[in-house]
Every structure is written in structure tokens, then in C-alpha cells.
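Handing you a structure now.
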Amino acid sequence: MTTSPGATAITPAVIAQHGLKPEEYDRIVAAIGRAPNLVELGVFSVMWSEHCSYKSSKKWLRQFPTAAPWVICGPGENAGVIDIGDGDAVVFKMESHNHPSFIEPFQGAATGVGGILRDVFTMGARPIANLNALRFGAQDAPKMRHLVAGVVAGIGSYGNCVGVPTVGGECTFDPSYNGNILVNAMTVGLARADRIFYARAAGIGNPVVYVGSKTGRDGIHGATMASAEFDDKSEEKRPTVQVGDPFTEKLLLEACIELMATDVIVAIQDMGAAGLTSSSCEMAARGGVGIELDLSAVPTRERAMTPYEIMLSESQERMLMVIAKGREAEAEAVFRKWELDVAVIGRVTDTGRIVATFDGATVLDLPVEPLADKPPLYDRPWTPIARNRPPVPALPETSALGPALLALLGSPDLSARRWIWEQYDHMVMADTVARPGGDAAVVRVHGTRKALALSSDCTPRYCYADPEMGGRQAVAECWRNLTAVGAKPLAITDCLNFGSPERPEIMGEFVGCVTGMAEACRALDFPVVSGNVSLYNETSGVAIKPTPQVGGVGLLAEANRMVRAAFRAANDAILLVGATAGHLGCSLYARNLAGSDVGQPPPVDLAAERRNGDFVRGLIHARRLTACHDIADGGLLVALAEMALAGDVGAAIGTSPATAGPAFWFGEDQARYIATCVPAVAAAILAEAHAAGVPALRLGITGGNDLTLDGVERISLHDLRAAHESWFPAYMSALSD
Amino acid sequence: MKARIHVTFKAGVHDPQGKAIANALQGLGFSGIDAVRQGKYIEIDLAGSDRAAAERSVKDMCAKLLANPVIENYRVDIDAP
Amino acid sequence: MKARIHVTFKAGVHDPQGKAIANALQGLGFSGIDAVRQGKYIEIDLAGSDRAAAERSVKDMCAKLLANPVIENYRVDIDAP
Amino acid sequence: MKAAVIVFPGSNCDRDIEVALRQSLGREPQMIWHRDTALPALDLIVVPGGFSYGDYLRAGAMAAHSPVMREVIKRAADGVAVLAVCNGFQIATECGLLPGVLLRNKSLRFACRDVHLRVENPYTPFTQQYDDGEVVTIPIAHHDGNYFADDATHRALLDHDQIAFRYCDRAGALTPDANPNGSLDHIAGVFNRDKNVLGLMPHPERAADPALGGNDGRALFDSLVAALS
Ligand SMILES: Nc1ncnc2c1ncn2[C@@H]1O[C@H](COP(=O)(O)OP(=O)(O)O)[C@@H](O)[C@H]1O
Ligand SMILES: [Mg+2]
């Protein structure tokens with residue numbers, strides 16, 4: 001698609017190639033009062049793509065609570081911003097890079113990290129942590145090892161090189177992702193609350209400055225690709241995949257932060273999906289102004305690039321900014337110091353139009369408002385989801401908990417992820433006080449007593465079985481993970497990964513999940529401050545499981561009050577906080593026995609969630625706990641084993657007739673924690689729990705080299721460790737395709 | 001037999017390493033450098049003596065493992081045994 | 001002019017990438033692979049038309065930056081302009 | 001003691017080592033941008049970790065040929081102490097300040113984790129606060145830490161007590177499992193012959209604060225302050 005405006009007739013085929021429906025085209029013509037030329041059509045197609053316009057999702061996203069006294073900036077900017085006191089602010093966001101990662105796992109994942117880092121530092125924040133949520137297909141699906149290896153290496157290579165620690169994330173395997181893996185990346189940054197930079201162009205006549213890598217023919221139509229369903233031929237179509245350049249990103253980061261210490265920058269936005277088009281249109285729209293660009297001034301990497309290509313290129317590591325008139329030299333000096341390409345490519349106007357010239361001729365002249373603020377919005381038909389799931393089958397009465405536990409800990413979804421996170425530099429910046437492998441990661445706010453707790457969560461099998469409950473659970477689990485280290489959960493970002501919104505049942509999943517998330521956010525005072533929607537995650541009509549990924553940030557006012565999941569010493573009392581009904585529906589235990597997910601997911605009682613969590617956090621604050629871990633996938637016994645392995649300290653657990661049986665040990669009831677304390681305070685804690693309406697009971701005592709159940713069943717830590725640690729390396733060592 | 005394989009980025013694919021090398025060479029005082037591209041060079045020693053079969057097999061290796069056709073081209077040369 | 005540079009490990013230097021490629025190829029079912037070595041291939045576009053001067057200059061680039069003489073050999077070929 | 005940290009485009013452990021040095025030294029080390037080649041009077045120069053120039057081509061190669069490294073080499077020849085950590089070690093071998101070379105890890109994967117090190121020579125300004133044979137725990141984070149030298153170089157390292165640290169297990173034994181990257185003879189760090197230059201792959205600056213999970217790196221900075229003040 002390389003041509004000059006006017007040279008290509010805008011036929012129905014050309015319109016369709018741009019992913020625009022005939023009605024959408026009519027709308028364009030109506031909005032601008034004439035037929036667009038090809039450049040203009042390209043600009044509309046990316047701005048009105050699902051990725052940029054949220055045309056199918058916006059209606060439902062309005063349900064999210066987005067305000068709280070500590071929210072400085074909610075959705076609508078490059079990233080969300082929250083206040084953590086003392087003039088400090090946290091800036092964070094999550095984004096998907098699913099399709100590129102399936103086609104070229106290393107570069108696709110790497111550039112995903114690059115993109116989300118830019119979203120955060122464009123707001124004036126220094127990135128201090130990365131997380132990533134990965135969903136792969138079945139372990140034996142074609143190419144899956146290759147995808148795992150490439151994605152993990154790509155994420156590591158980018159974050160490690162830029163020097164931002166990758167401190168957490170998720171990784172699970174499920175056949176619904178066989179043809180459509182998910183790579184969601186999250187960045188958390190730190191800024192001064194009064195030094196946040198926004199993408200709102202202002203100041204008529206101010207120069208528009210381009211900085212970063214030169215523009216090539218990368219990923220043209222990438223944003224449209226992210227909104228188009230995969231089919232088996234898409235590998236042959238070979239859309240250009242971008243190659244990441246983390247070194248230039250690091251220079252860009254340092255240069256922007258250096259320039260942001262002055263008052264030269266008026267507005268700034270990264271050139272992400274849809275590159276120069278979306279950055280210029282969105283900056284103009286937010287500022288209520290116009291922008292005039294001279295595309296001949298854009299630094300290009302390749303010969304004979306057309307205006308169409310320059311406007312739509314998705315070359316990485318580029319930023320667009322509006323700077324104060326007369327301050328060009330200062331900006332240029334900083335960018336030259338960091339050896340970056342820089343050029344003044346336009347200026348702010350009062351026309352409300354985006355106008356581009358090339359070699360003196362006008363190649364594009366459009367009103368900003370319909371582009372950025374008036375995309376078509378759809379109220380897509382949707383059907384409420386009520387899956388008729390087979391109930392949990394009658395499970396064999398068994399007293400052999402040990403073998404079941406070993407099998408679970410050695411399964412793809414519960415095995416240790418060390419193979420992944422050891423490839424990420426999780427310690428650079430020297431503030432990571434809780435490394436990967438526990439609940440939330442904890443990163444100090446440099447030079448203060450404060451720390452941030454970070455976690456990324458979602459349980460797609462719950463979301464598939466019952467979208468609304470699954471949506472609630474994703475938020476609740478994230479909140480619980482932050483609570484389990486002692487942090488006060490403050491806000492979330494999200495990445496909503498679904499199949500095609502043009503299918504009512506997928507829309508039903510979407511609506512259900514968003515509704516459940518919104519309920520949980522409201523009940524837990526945990527607003528949504530940023531996020532991303534990724535639709536059309538399906539191949540040949542097979543959609544992924546609904547995956548509304550949640551990324552949460554919590555605050556520890558005093559980092560040294562944090563607790564870890566590891567049993568700290570022998571002779572601590574082990575307490576179970578939260579009610580256990582023994583819910584085996586959708587549990588990993590039942591899946592292991594039944595061979596697939598069965599039954600309905602555990603109910604999420606948001607009031608209990610909040611009561612139990614607040615109680616546990618209070619204990620941690622008061623330094624009354626020695627360890628704490630939330631109970632999630634795999635249930636109570638898996639959580640106990642994880643604590644024992646992390647601390648290399650065993651435990652003796654007593655059961656009673658009421659607690660015996662797999663439902664108690666492997667059920668995935670929500671709102672639960674395991675906590676340890678010195679024995680002297682156990683009784684008082686239980687009494688206080690009782691008084692606060694928080695179910696709690698004493699399970700046993702730490703110590704020894706085994707997990708002992710009832711004095712009968714004895715599972716050695718050695719065996720548990722072998723099961724837990726061996727699956728991932730063994731799986732990856734068979735890398736052959 | 002020896003197979004010599006060159007794996008290079010397709011035209012138009014951004015090559016940050018090549019660009020960095022060009023900058024570094026300029027910094028060292030070398031002039032007249034228009035562009036630098038970096039690729040991989042792989043040598044494989046193969047048993048057997050059927051050159052055509054070897055070429056087929058090595059091309060298959062390239063397609064399956066050694067190159068990613070989304071962004072890379074490859075060239076295979078087989079030395080006479 | 002175009003300079004084509006091959007940078008390869010000296011004999012005796014362990015080449016873990018080459019070995020990993022050999023293993024992976026075997027895992028994919030390719031047989032008859034005796035050894036794999038991985039090196040770098042660099043192309044430089046040069047201004048000017050003095051071939052001998054270009055060769056001298058590129059060899060100097062190799063000695064100064066492109067190869068590490070402790071472990072690597074290099075070979076320079078200059079295409080006719 | 002006057003200390004400085006050289007900052008290259010792509011360095012990313014410069015602040016971490018600044019914090020660790022400040023803690024032992026009681027004041028700020030000077031941060032020197034790589035273009036500032038007129039170095040002030042110094043007792044210690046640190047070449048920090050990170051990915052100078054993206055580690056493109058070969059880790060450390062481009063920084064090794066930068067003008068500031070020529071100055072560092074001159075100072076080292078005059079006896080100024082040089083501490084080269086991780087990418088700094090790669091730069092130091094590339095520019096000939098230290099013998100050998102750092103190849104890709106044997107696993108071919110980046111490795112970030114705690115490792116055990118055995119102190120092999122405590123009679124230097126860098127290591128005098130450690131005991132001979134002491135086992136310390138310090139993290140690594142690298143893709144190219146597989147130390148290699150030819151036989152003659154290796155023999156010379158042994159003959160002149162130039163091996164600073166070896167990768168070992170908890171008990172100090174040089175078991176294969178304890179070697180995280182395939183390094184020759186378990187070498188994690190080496191001195192030059194005069195013992196005023198130390199290069200090591202592990203990051204002592206990440207183990208100089210108990211809150212980060214270990215404090216075993218602190219003695220290295222304390223040693224330098226005691227020896228050079
Ligand atoms: N699922 C969501 N929940 C909340 N906010 C969202 C969601 N999806 C998108 N947003 C917000 O909409 C805005 C536009 O998002 P996006 O286009 O992904 O940003 P960018 O252009 O920086 O990639 C952002 O402010 C983002 O935080
Ligand atoms: Mg953005």
C-alpha cells in the first residue's frame with residue numbers, strides 16, 4: 001500500500017482492506033463533507049480501529065469506578081496516576097502485544113515491553129518495575145515451547161537492557177490459547193505528583209518535535225492487525241514485525257526525564273500503535289487545538305517513504321512532543337547529548353484540524369474531532385453467559401493427599417516459574433525487597449521508607465465458566481495478593497483480552513467480566529485508573545478464554561513491615577483465615593482428576609473479602625504475623641506447600657473429621673489466607689478474628705523437613721521441591737520445535 | 001560436506017545493531033560508512049556426500065529453526081565434499 | 001562498495017550457541033549433523049571506489065572493533081563497486 | 001578517598017553502585033559522563049554494570065573503545081584502583097585492562113539469581129575485609145558471563161594469584177552445579193597482575209543492604225574505603 005494521495009481510487013475493496021465497514025466509510029464522508037484521499041482513509045482506519053477507538057467496549061468500560069481521593073489521573077491519558085503521599089505519585093498501565101508475539105515471539109514480546117515503558121515515562125515517571133502476564137496454549141501444542149522460549153527471552157532482553165526490573169507476572173497454559181497466545185505487559189513508574197506530563201497540545205504556534213529512532217516501514221497497519229481476527233493464512237501474510245531497540249529506548253527514557261526537569265515540554269506522547277497518526281491526533285484532541293505537520297521533516301530510515309507510510313508507520317522508540325516556542329535549542333541539546341534523532345516537524349494551530357504537507361503539497365487535512373472523539377460506537381448484541389457445566393464428578397474418597405499434592409505442584413499451572421523469572425533482571429535499581437516467587441512483588445520507593453506492592457492476576461477458567469464471577473475474582477485475587485504482603489491496595493490497571501466482539505457470546509463474556517470487575521472494584525475501593533482492550537483474539541473461529549487481566553498497585557507506608565509467604569522459623573502457629581466450604585468446582589484438583597474443568601467457579605463474597613483482608617492487613621501492620629500467603633489456585637494444601645518450600649521449613653497439620661477430605665484441602669474458596677505467628681499470640685488473634693466476624697482456625701505448627709498431615713501422612717519437602725521445581729526446566733529442555 | 005548459511009534481516013526491517021555499529025565506527029574515526037547490517041553466519045558440518053540432498057535438508061533447517069521468515073532471509077551454500 | 005565480513009570463533013573456543021543449534025536440529029529429527037558453529041556476518045556499504053583502500057580500512061575496523069582477537073577470526077571480502 | 005563512577009549510554013547499575021559506595025564512603029562518589037574524558041584526581045574508578053551501547057555486537061565492545069576508557073587505562077597504569085562490575089568487567093576485558101573474555105552463558109539464557117562465591121585472594125585493596133576461602137552470597141544478572149581464557153592466560157592467572165572469586169556451592173566446593181554460566185575454572189572475578197584492577201560478574205552493590213536479601217557485598221566497598229583512604 002504505497003501510493004500518493006489521489007493516485008489510488010477509494011474503492012470498496014480499498015475500504016475493506018483498511019478494516020472499515022461500508023457504513024463506517026459513509027460516516028467518514030459525512031464527517032468531513034467529502035471523500036477522503038488514501039492518506040486520510042489510512043488515518044481514519046487506524047483511529048477508528050478497535051485498538052484506538054474502543055468502539056465495541058467503551059459503553060461497558062463506563063461501569064468501572066475510576067475515582068478515589070488518591071487518584072490523580074484516571075483513564076484517558078497514556079497511563080493512570082495515583083498519589084502515594086509526600087508528593088510522590090505512581091504511574092502505571094498494562095498493555096497487550098498478543099498478535100505480534102505469536103508471529104515473532106522474541107521481537108513481539110520485546111516491543112510490547114518497549115511500548116508500555118514509553119506509555120509510563122511519557123508522563124514524567126521513571127519506570128521502576130515491569131510485570132508480565134503470559135497465557136500459552138497446551139504444553140504439547142505445536143510450537144508452544146518455541147513461543148514460551150521466545151516470549152520470555154524477548155521480555156527479558158528488553159527490560160534487562162533498559163535497566164527496569166521485571167518483578168512479577170503470571171504464566172499459565174490452556175488449549176484455548178493454542179493459536180493465540182497472550183502477552184500482557186505492565187509498567188509501574190514513579191514521579192512527583194506536581195510534575196506529571198500530559199498529552200494535551202497547547203499554545204498556538206508552539207513547535208511539534210519528533211525525537212527517537214528514525215521512521216521506517218514498520219508495522220504499517222499494525223493497529224488494524226491487532227483488531228482483526230487471525231486466520232490460518234495470517235502467517236503467510238507476514239505482517240512486518242518490529243524489531244525492538246532497547247538501547248535507544250534507554251536513551252530516550254533518560255533524555256525525556258532530563259528534559260522534563262525543565263519547563264520546556266508542554267505536552268508529550270509516545271508514538272505507539274498508529275504512530276504519528278494517533279499521537280498527533282490525540283494530543284490535538286485532548287488540547288482542543290489543531291496540529292500542522294510537515295512530513296518531509298520526519299527523520300526516515302528508508303528511501304522514498306510516502307506520506308501514507310510516514311503517518312502510519314509503527315516504528316518503535318519514538319516520541320512526539322509540543323515544546324514551548326523559543327526553547328527548541330534547549331530540547332535539541334538534551335537529545336543530541338543522548339545521541340537521538342530530533343526534528344521540529346510541525347506546530348500547534350487553532351484550527352482544530354490535523355493538516356499534513358509533504359514536499360509542499362497538502363496530503364491530509366481533517367478535522368480532529370471526528371477522528372479522535374467521535375469514532376463509531378457500537379452497542380454490540382450480547383447474550384448472557386450461562387454455561388451448562390458438568391457438575392464436579394463424585395471424586396474417589398481418598399486419604400492419599402500426598403500424591404495428589406505432588407501431582408498438582410508438578411503440573412504446568414502450579415509448578416515453579418523460576419525458569420522464567422531468572423531470565424529477568426528482577427533486582428536492577430536495587431530496590432526489589434520481595435523478589436518474584438511470592439505473592440505480590442515489593443519494590444521500595446527509592447530513598448524513602450515506603451514501598452509498592454505489585455501483582456497481576458486473572459483466572460481465565462473461572463471467567464469462562466462464569467464471566468461475572470470470574471471478573472470479580474480477578475480483582476479480588478489481585479487485592480488479596482497485595483494485602484498478603486501487608487500493602488494497602490490502591491488502584492488497578494487492566495488488559496481485557498477477548499475473542500471477536502462481533503459474536504454475541506463473546507460480547508456476553510466481555511460484559512459479564514467487566515460487570516464483575518466493576519462490582520469488585522467498587523466493593524474494595526480499588527478504582528481502575530488505566531487499561532487496554534484486546535479483542536479478536538481468536539483463530540479460525542476458536543476464541544481464547546475470556547482473560548481480563550488485572551494489574552494492581554498497593555502501598556506499604558513502611559517497607560520493613562512487609563511479610564513474606566515463606567515460613568520464617570520452626571514453632572510458629574499456622575492459622576487459616578477465611579471460610580472454607582470446600583468448593584471444588586473449576587479447581588485445579590478437579591481438573592486433574594476429571595481431565596478438564598468441571599463445575600462452577602467459587603463464589604466471591606466481596607464483603608467477606610474485604611473483612612478478611614482488612615483484618616489480615618491490620619495484623620501485619622501491628623507486626624503480629626511472621627508470614628502470610630493468600631490461598632488461590634490449588635487451594636489450601638498447595639498454599640501450605642508453597643510456604644514451606646519458600647522458607648525451607650516444614651509443618652505439622654492436624655485435621656479433624658470436619659476438615660478431612662480433598663474438598664477441604666484442595667477447594668478454591670475465596671477470601672482466604674494462611675498466616676503464621678508466634679504461638680503466644682495465636683489465641684488472641686483467633687479471638688479477635690471471631691469478634692470481627694472473620695472465620696479463623698488454627699491448623700498446626702511449623703517445623704521439620706516434611707509436611708505432616710494428622711501425623712499420618714508425611715510428604716518430604718525434598719519431594720515437594722523436586723515436583724515443584726522440575727516441571728518447567730524439564731518441559732523447556734525438550735525444546736525442539 | 002560443509003553448509004554455509006547466511007541469515008540476514010529482510011530489506012526494511014529495522015536493524016538496531018547495525019546502526020549502533022555504524023555509529024561506533026564513526027566514533028572511532030572511520031569515514032565513508034553508508035550503512036551497516038548485521039546478520040548471522042552458521043557453518044554446519046554434514047555427513048554424507050549427496051549435495052542436492054544436503055541442500056534440501058539445510059534449507060529445511062533454515063525454514064524450521066535457523067531463520068524466522070517473518071523478518072529474515074537466508075542463503076545456503078554447500079561446499080563440495 | 002560493499003564489504004562482507006565474517007567473524008568466527010577461533011578453533012578451541014567453546015561455542016555454546018553452535019552446540020545448542022546442533023542439539024535443537026537433532027531434536028527436530030535432522031540427522032548427519034557433525035558440528036555447528038555460529039558466527040557473525042556484517043555488511044558495510046562504503047563510499048568511494050578504491051578497493052584496496054577499502055579493504056585496508058575494513059580490516060582495521062575488524063581489528064579495532066568488529067572482532068575480539070582473543071577469541072575471533074575475521075575475513076573481509078570487498079565486492080567490486 | 002576520591003571515587004568516580006563512569007556512566008556510558010546504556011549503563012544501568014550506575015545509581016545502584018553510587019548508593020552502595022556512598023554508604024561505605026560517607027559521601028557521594030562523582031558520576032562521570034563518558035564524554036568527559038578529562039578525569040579529575042581519583043583513587044577509585046568504577047565501571048558499572050548495564051548494557052553499554054545495548055551490548056550490541058559484543059557485550060562491552062563499543063564502550064571499550066571509547067575515549068574515556070583510554071583515560072581509565074592510563075590511570076590504571078598509574079596505579080589507580082579500578083572496579084569493573086558485570087558489563088564493566090566485559091568492557092575491561094574488551095579493552096585489555098583484564099585478561100580473558102566473557103562469552104555467552106552456557107545455558108544461552110540470561111541468569112539473574114544469588115550465587116555463592118569463594119574468596120580466593122583476600123590480600124588486595126578490594127578484598128581485604130573478607131577471609132581467605134570465605135563463602136559469600138552475591139547476585140548475578142548477565143547473559144554473557146562465561147569466563148574464558150586460553151591455557152597460557154589461565155596458567156598466568158593462577159601463577160600470579162589473579163583469581164579473585166570462584167563460583168562455588170554453599171560449602172565452598174566447586175561443583176558443576178555451582179557454576180552458573182560455564183566459566184573456566186569457576187572464575188567469577190579476576191585481578192590484573194598489580195591487583196589494582198578487579199573485574200567481576202556478580203553485583204556486590206546489590207548485596208550491600210540487608211533489606212535486599214544480603215549484605216555480603218558490603219565488605220568489598222568497605223575494603224576499598226579502608227585501603228584507599
Ligand atoms: N479496559 C480499560 N479500562 C480502563 N481504561 C482503559 C481500558 N482500556 C483503555 N483504557 C484507557 O483508555 C485510554 C486509551 O488507551 P490506549 O489506546 O490503550 O492507550 P495508548 O494509546 O497509550 O496505547 C488509556 O487512558 C487507557 O488507560
Ligand atoms: Mg500511549
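Each chain gets a letter, A, B and so on, in the order its sequence line appears, and its residues count up from 1.
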Within residues 94-127 of chain D, residues adjacent to chain C where the heavy-atom gap is under 4.5 Å: D/E94, D/V101, D/L103, D/R104, D/N105, D/K106, D/L108
Close approach to chain C in residues 65-79 of chain D, criterion heavy atom under 4.5 Å: D/H65
Under 4.5 Å from any heavy atom of chain D - which part of C/I42: side chain
Region of C/L65 in contact with chain D, defined by heavy-atom distances below 4.5 Å: both
C/V7 portion near chain D, given a 4.5 angstrom heavy-atom threshold: neither
D/K195, NZ atom: more than 12 neighbouring heavy atoms under 6.0 Å: yes
Reported CG-to-NZ distance for the pair D/L57 and C/K40, which is rounded to 0.5 angstrom: 5.0 Å
